[in-house]
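Every value quoted in this text rests on a predicted model; they were computed, and no experiment measured them. For the numbers below, each heavy atom of this structure counts, side chains included, while hydrogens, waters and symmetry mates do not. Order of listing sets the numbers, starting from 1, for every ligand and every atom in it.
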Amino acid sequence: MTPTDLTIAQARDLLAKGEISSMELVEAHIDAMESNRELNAYITETPEKALAMAQDSDARRAKGEGNGLLEGIPVAIKDLFCTADTLTTAGSHILDGFKPFYESTVTTNMWREGAVMLGKTNLDEFAMGSSNLTSYHGPAINPWKARGDNRSRVPGGSSGGSASAVAGRLALGATGTDTGGSIRQPAAFTGTVGIKPTYGRCSRWGIVAFASSLDQAGPMTRSVRDAAIMLRAMAGHDPKDSTSADVAVPDFEAGLDKGVKGMTIGIPKEYRSDAMAPEIEALWQQGIKWLEEQGARTVEISLPHTKYALPAYYIVAPAEASSNLSRYDGVKYGLRVEADDLLSMYEKTRAAGFGDEVKRRILIGTYVLSAGYYDAYYLKAQKVRTRIAEDFRHVFGHVDAILTPATPSAAFPVDEPPSDPVEMYLLDTFTVPVNLAGLPGMVVPAGLSGAGLPLGLQVIGKAFDEETVLRVGRAIEQAADFDGRPEGY
Ligand code: GLN
């Protein structure tokens with residue numbers, strides 16, 4: 001098997017047996033990255049750094065050290081994580097030339113576990129988007145094509161570069177972040193696995209902030225086992241992030257194969273609509289059947305406030321974003337457009353540095369937080385958010401996990417995106433409630449659409465119960481037996 005085709009678990013075992021070196025893994029990936037630049041998966045490739053880290057890893061292993069969870073494993077990092085001395089852009093023009101002198105906690109944890117960095121992956125600007133089309137660096141491209149249709153498709157967003165790197169065999173795994181679906185939706189569009197952990201499971205320190213009460217980092221991989229391995233390496237309490245939870249990180253891999261026998265899986269009726277594409281409905285039914293065949297009981301549940309989740313999200317997220325993005329003013333980071341006085345310099349820098357979608361969010365966010373509208377919009381959205389969290393808390397009294405579709409459709413062509421911003425926002429229908437409630441959610445590839453494009457199912461779990469989510473995900477993965485290989489990659 002070519003080294004770029006291995007799963008993280010397979011590579012780990014071959015490394016342990018001395019049958020492959022980290023150097024060999026890294027060299028194979030650097031070759032693949034060079035010959036697949038059409039995917040635009042990476043904003044910055046860091047081959048020298050990767051080779052040096054691989055050499056160190058092999059040296060550690062030769063000395064009998066180096067037993068980290070990701071020892072010698074080459075990974076890609078979403079370009080929203082600050083990486084010391086390496087360009088960090090957040091997919092924006094306004095961070096031009098920004099090289100942080102600090103390293104995010106999540107990446108620090110991964111390097112401590114022996115991982116090797118291949119580069120920084122493309123994303124929607126400041127992680128705002130569901131398509132990668134808002135990246136200042138041009139969109140990442142999905143390695144998957146529809147049958148008999150040669151048009152390039154989006155890998156989803158915002159972690160689209162990470163998704164296309166993992167699906168296109170340009171990394172064994174990648175980090176993503178998920179504020180309203182940015183790990184799970186691109187995973188669904190590219191036939192990969194992505195888990196958004198419980199809010200507080202992974203430190204947000206050193207990750208460029210979008211909406212701080214919703215943002216969470218998580219792994220994107222080609223198997224559920226790999227997601228379990230990588231999540232363990234990324235997670236952990238961090239005193240530098242006051243919202244980081246001081247809870248133990250379990251060995252997520254250990255319970256993976258325990259199966260779903262005896263579990264109760266909730267099927268929320270509010271996720272079903274007449275407008276749902278028949279093939280999405282069919283996939284969902286198939287998922288229910290797979291879990292039942294493996295001994296789980298499925299029950300219909302109600303999450304009555306579901307329909308308010310999307311509007312509430314598109315108030316809360318822009319509100320927090322407008323505040324978080326006020327720091328980009330031409331003084332502290334990146335781009336500066338000179339002007340005669342300080343105020344004009346701020347204005348010119350922000351006008352030139354932010355793209356349309358980011359400006360739209362700043363405008364909406366500023367509006368909903370303004371004195372006359374705060375109660376009507378922001379406060380109301382916060383109340384709705386509480387109700388949504390209560391809906392979940394209520395059903396988790398009697399179910400172990402929830403199964404839903406991941407996305408309302410498969411990946412669309414780059415040149416035929418949803419016609420307006422609101423239609424784009426509707427792509428997040430199934431994913432945003434999970435962020436509003438702070439719960440873990442995972443997307444697992446479950447099959448192909450009629451046109452031959454990947455489709456995923458979503459598993460939602462109780463707070464800090466990623467173990468159950470992964471177990472259910474593993475059961476779906478086994479039943480689906482998905483061939484996660486886009487043609488030509
Ligand atoms: N697509 C959603 C948005 O545009 C979610 C993005 C994310 O999770 N970062 O806000």
Are more than 12 heavy atoms from other residues, nucleotides or ligands located less than 6.0 Å from atom CZ of R387?
no

Legend entry - Flag side-chain contact, heavy atom, 4.5 Å: F482 against L455: no

From the list T179, D178, D215, side-chain hydrogen bond (donor to acceptor under 3.5 Å, both in side chains) partner of N435 resolves to D178

Can you list, pair by pair, the side-chain donor-acceptor contacts under 3.5 Å of residues 367-374, counting residues two or more places apart and other chains?
unit_1 : atom_1 : unit_2 : atom_2 : d
S370   : OG     : Y367   : O      : 2.6

So, R184 versus Q458: side-chain donor-acceptor pair below 3.5 Å or not? yes

For a distance cut-off of 3.5 Å, show me each N or O of ligand 1 paired with any protein N or O, plus the separation.
unit_1   : atom_1 : unit_2 : atom_2 : d
ligand 1 : 1 (N)  : G129   : O      : 3.0
ligand 1 : 1 (N)  : S130   : OG     : 2.8
ligand 1 : 1 (N)  : D428   : OD1    : 3.3
ligand 1 : 1 (N)  : D428   : OD2    : 2.9
ligand 1 : 4 (O)  : G129   : N      : 2.9
ligand 1 : 4 (O)  : Y314   : OH     : 3.3
ligand 1 : 4 (O)  : R361   : NH1    : 3.4
ligand 1 : 4 (O)  : R361   : NH2    : 2.7
ligand 1 : 8 (O)  : T179   : N      : 2.7
ligand 1 : 8 (O)  : G180   : N      : 2.6
ligand 1 : 8 (O)  : G181   : N      : 3.2
ligand 1 : 8 (O)  : S182   : N      : 3.0
ligand 1 : 8 (O)  : S182   : OG     : 2.7
ligand 1 : 9 (N)  : A127   : O      : 2.8
ligand 1 : 9 (N)  : T179   : OG1    : 3.4
ligand 1 : 9 (N)  : S182   : OG     : 2.7
ligand 1 : 10 (O) : Y313   : OH     : 2.7
ligand 1 : 10 (O) : R361   : NH1    : 2.8

**Prompt:** Are Y333 and F98 close enough that their ring centers fall under 6.0 Å?
**Reply:** yes

